[in-house]
Number of protein chains: 2
Amino acid sequence: MEAAFKAINDVTRREILQFLIQGPQNAGQIAKQFDMTKPSISHHLDLLKQAQLIDAVKKGQFIHYSLNKKGFESIHQWFQGFAQHFEFPKPKIRL
Amino acid sequence: MEAAFKAINDVTRREILQFLIQGPQNAGQIAKQFDMTKPSISHHLDLLKQAQLIDAVKKGQFIHYSLNKKGFESIHQWFQGFAQHFEFPKPKIRL
DNA sequence: ATATTAATTAGATATTCGCCTAATTATTTA
DNA sequence: TAAATAATTAGGCGAATATCTAATTAATAT
């Protein structure tokens, strides 16, 4: 849980997560989205992986990254502890 | 939103939020819960306030702190963007 | 086999963070 | 008004963080 909070406390990492909503992407494709060197992105991916917010699977010389439910669950769980004390706007139903 | 993510990326601050679930407390009462100097707690309270995760109202020489829905909402909103891509366990109904 | 491409690891550096002690502000009480 | 109490602000310091360049590893293609 510690790791998840740490991971989302950075704009770039949050943007990487946003980007991955579109679906799995390899490290190069991710790096291209940002005005930042590949090593830096690589480091961010590592932290996101440690937090289990993303998964990494190697396919040849590429590594495909995708969102991992697990990390989000740990944040969600923490949040639930407070949600009971507030009323949050329910997401609109999509017809 | 930036401020909220930053604020919850610290154990002490998360514990302060937990403590405030019990209801409003003044700075001294909060500080007593932690093995840390008052100035340090004061600083944590400041960050939580900046993130609108807590409110502060002065009552005489005391300052009463309480949870503020606003900051939690900003986190919730961010989270919702991902919740639609995963299925999260619904909290058990309390009878 | 060699060169190319994808990605990470290593090492350096500037900035931010969390904590402390000391000093300050503001309020209440004697 | 002076002393005591509640809390913050100021300043300093070591640890953690984000970024970069250079070097390394691993896989593909010529």
Side-chain angles (χ1 to χ4, degrees), chain A residues 1-20 22-68 71 75 78, chain B residues 1-20 22-68 71 75 78:
Chain A
M1 196 189 72
E2 192 68 39
F5 284 116
K6 173 178 169 174
I8 62 173
N9 184 32
D10 180 271
V11 205
T12 303
R13 289 194 289 268
R14 288 196 300 273
E15 286 176 359
I16 290 173
L17 292 176
Q18 289 284 349
F19 181 54
L20 289 178
Q22 301 178 204
Q25 310 281 348
N26 65 49
Q29 293 174 310
I30 296 170
K32 247 183 293 177
Q33 304 293 316
F34 300 89
D35 184 22
M36 194 175 289
T37 64
K38 281 184 72 172
S40 295
I41 295 296
S42 191
H43 175 240
H44 285 309
L45 291 171
D46 184 44
L47 291 180
L48 288 168
K49 199 169 53 169
Q50 282 180 42
Q52 301 186 87
L53 287 160
I54 63 174
D55 265 335
V57 312
K58 188 158 189 173
K59 274 276 171 66
Q61 69 188 141
F62 296 86
I63 299 180
H64 291 285
Y65 288 96
S66 57
L67 295 179
N68 180 356
I75 297 170
W78 173 82
Chain B
M1 198 192 70
E2 191 68 40
F5 283 116
K6 174 177 170 175
I8 62 173
N9 184 32
D10 180 89
V11 205
T12 303
R13 288 193 290 267
R14 289 196 301 272
E15 286 177 359
I16 290 174
L17 292 176
Q18 289 284 347
F19 181 53
L20 289 178
Q22 301 177 203
Q25 311 281 345
N26 65 48
Q29 292 173 310
I30 296 170
K32 247 184 292 175
Q33 304 293 317
F34 300 90
D35 184 20
M36 195 175 288
T37 64
K38 280 183 73 170
S40 295
I41 295 296
S42 189
H43 174 240
H44 285 309
L45 291 170
D46 183 44
L47 292 180
L48 288 168
K49 198 170 51 170
Q50 282 180 41
Q52 299 184 287
L53 286 159
I54 62 174
D55 265 332
V57 312
K58 189 157 190 174
K59 274 277 171 66
Q61 71 189 140
F62 295 88
I63 299 180
H64 290 285
Y65 288 96
S66 57
L67 295 179
N68 179 356
I75 296 170
W78 173 83

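To find a chain, count down the sequence lines: A is the first, B the second, and so on, and within it residues start at 1.
- Here the rule is side chain to side chain donor-acceptor pair (under 3.5 Å) with Asp46(A), and of Gln50(A), His43(A), Lys49(A) only Gln50(A) fits it.
- Note that CD of Glu2(B) and CG of Asn9(A) are 7.0 Å apart. Values are rounded to the nearest 0.5 Å.
- Here the P atom of nucleotide dA7(C) and the NE2 atom of His64(A) are 8 Å apart, to the nearest Å.
- Among the nucleotides dA7(D), dT19(D), dA18(D), the one closest to any side-chain atom of Lys38(B) is dA7(D).
- Residue Lys6(A) has a polar side-chain atom (N or O) positioned under 4.0 Å from OP1 or OP2 of dT17(D).
- With hydrogens and angles ignored, the 3.5 Å screen pairs no side-chain donor or acceptor of Arg13(A) with any backbone N or O of Ile8(A).
- Pairing each heavy atom of Ala27(B) with each of Leu45(B), the nearest pair is CB-CD1, 4.1 Å.
- Shown for residues 54-62 of chain A: residues whose heavy atoms fall under 4.0 angstrom of DNA chain D, namely Lys58(A), Gly60(A), Gln61(A).
- For the OP1/OP2 pair of dA6(D) and a distance below 4.0 Å, the side-chain nitrogens and oxygens of Asn26(B) include no atom meeting the criterion.
- Atom CD1 of Ile63(B) is separated from atom C1' of dT28(C) by 15 Å (rounded to the nearest Å).
- Neither OP1 nor OP2 of dA6(C) sits under 4.0 Å from any side-chain N or O of Tyr65(A).
- Within 4.0 Å (heavy atoms only), Asp46(B) reaches no atom of the nucleic acid at all.
- As a whole-Å value, the separation of Leu45(B) CG from dT9(D) P is 11 Å.
- Atom CD1 in Ile41(B) sits roughly 11 Å away from atom C1' in dG18(C) (whole-Å rounding).
- Taken to the nearest 0.5 Å, the CG atom of Leu48(A) stands 11.0 Å off from the CG atom of Asn68(A).
- The stretch residues 27-37 of chain B touches DNA chain D through Ala27(B), Gly28(B), each having a heavy atom within less than 4.0 Å of the strand.
- Residue His44(A) contributes atom NE2, which lies 15 Å from atom C1' of dT8(C) at whole-angstrom precision.
- Taking side-chain N and O atoms only, His43(A) has no distance below 4.0 Å to OP1 or OP2 of dA10(C).
- In this structure, NE2 on His64(A) lies 12.0 Å from CG on Leu20(A), to the nearest 0.5 angstrom.
- Taking atom CD on Gln50(B) and atom P on dG18(C), their separation rounds to 12 Å, with Å as the unit.
- An OP1 or OP2 oxygen of dT8(D) is reached within less than 4.0 angstrom by a side-chain nitrogen or oxygen of Ser42(B).
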| task | Would you check, one step at a time, whether the test side-chain contact (heavy atoms from CB on, under 4.5 Å) holds for Arg14(B) with Trp78(A)? | result | CA-CA 10 Å; Arg14(B) 289 196 301 272; Trp78(A) 173 82; 3.8 Å; yes

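- Following rounding to the nearest Å, Phe5(A) (CZ) and dG18(C) (P) show an atom-to-atom distance of 14 Å.
- In terms of position along DNA chain D, the nucleotide closest to Pro39(B) lies nearer the 5' end than the nucleotide closest to the other residue of the pair Arg13(A) and Pro39(B).
- A donor-acceptor pair is defined here as one N or O able to donate and one able to accept, closer than 3.5 Å; no such pair exists between the side chain of Gln33(A) and the backbone of Ile30(A).
- The distance between atom CG of Leu47(A) and atom P of dT17(D), rounded to the nearest whole Å, is 8 Å.
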